[in-house]
Amino acid sequence: MAPTWIQPACPPCSKPRAGYIGVIGSRRRWAITVKALLSQGVPEGLIARVRSPIGLGIGAETPEEIAVSILAEILMLRGEGSGKPMKEPK
C-alpha cells in the first residue's frame with residue numbers, strides 16, 4: 001500500500017495545462033514515490049512530467065535560497081534558457 005502522502009500527487013500530473021509540476025524532496029524520496037505511483041497504475045509519461053527534486057543546483061540551503069532556486073528553474077524553463085552562466089557561450 002502506498003503512503004497517504006502519495007495520493008495527492010496524482011491529480012496534478014494529469015492536468016495538461018500545468019506548465020510546471022514539481023515535488024520538493026530528496027532524490028531518494030522521489031524514487032520511493034515513483035515506485036508507489038507506478039504500482040498504483042500512474043502512467044510513466046505523467047510521472048516524467050514531474051520535476052523532482054526541484055530547483056537549480058545553486059547550493060541553496062535556507063528556505064529563501066531554495067525559493068530562489070525553484071523560481072530560477074521555472075523562469076529558465078519558461079524562457080527556454082540553458083541554466084548556464086551568462087558568461088559561458090551559448
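Residue numbers run from 1 in the order of the sequence given. The figures that follow rest on heavy atoms only: side chains count, while hydrogens, waters and symmetry mates do not. If you're wondering where the values come from, they're calculated on a predicted model, not measured in any experiment.
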Quick one: closest heavy-atom pair of Ser26 and Arg29, and the distance?
OG-N, 3.0 Å

Would you say Ile54 ends up clustered with Val34 if hydrophobic residues are merged whenever their side chains have heavy atoms under 4.5 Å apart, either directly or through other cluster members?
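Unlinked, Val34 and Ile54 end up in two clusters.
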
Please answer: with hydrophobic residues joined when any side-chain heavy atoms are less than 4.5 Å apart, are Ile74 and Val50 in the same cluster?
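Different clusters: Ile74 never reaches Val50 through Ile, Leu, Val, Met, Phe, Trp or Tyr contacts under 4.5 Å.
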
Under a 4.5 Å cut-off applied to non-hydrogen side-chain atoms, are Glu44 and Leu38 in contact?
yes

Decide yes or no for Tyr20 and Arg78: does some side-chain heavy atom of the first lie under 4.5 Å from some side-chain heavy atom of the second?
no

Under 3.5 Å, side chain of Ser52 to main-chain N/O of Gly22, donor-acceptor pair present?
no

Flag, side chain of Glu65 to backbone of Ala60, donor-acceptor distance under 3.5 Å:
no

Rounded distance (nearest 0.5 Å) linking atom CG of Leu56 with atom CD1 of Ile66:
13.0 Å

Can you confirm whether more than 12 heavy atoms, excluding those of Ile24, are under 6.0 Å from its CD1 atom?
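Count not over threshold, so no.
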
Would you mind telling me which of Ile70, Ile21, Leu77 makes a side-chain contact (heavy atoms from CB on, under 4.5 Å) with Arg51?
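Filter result, single survivor: Leu77.
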
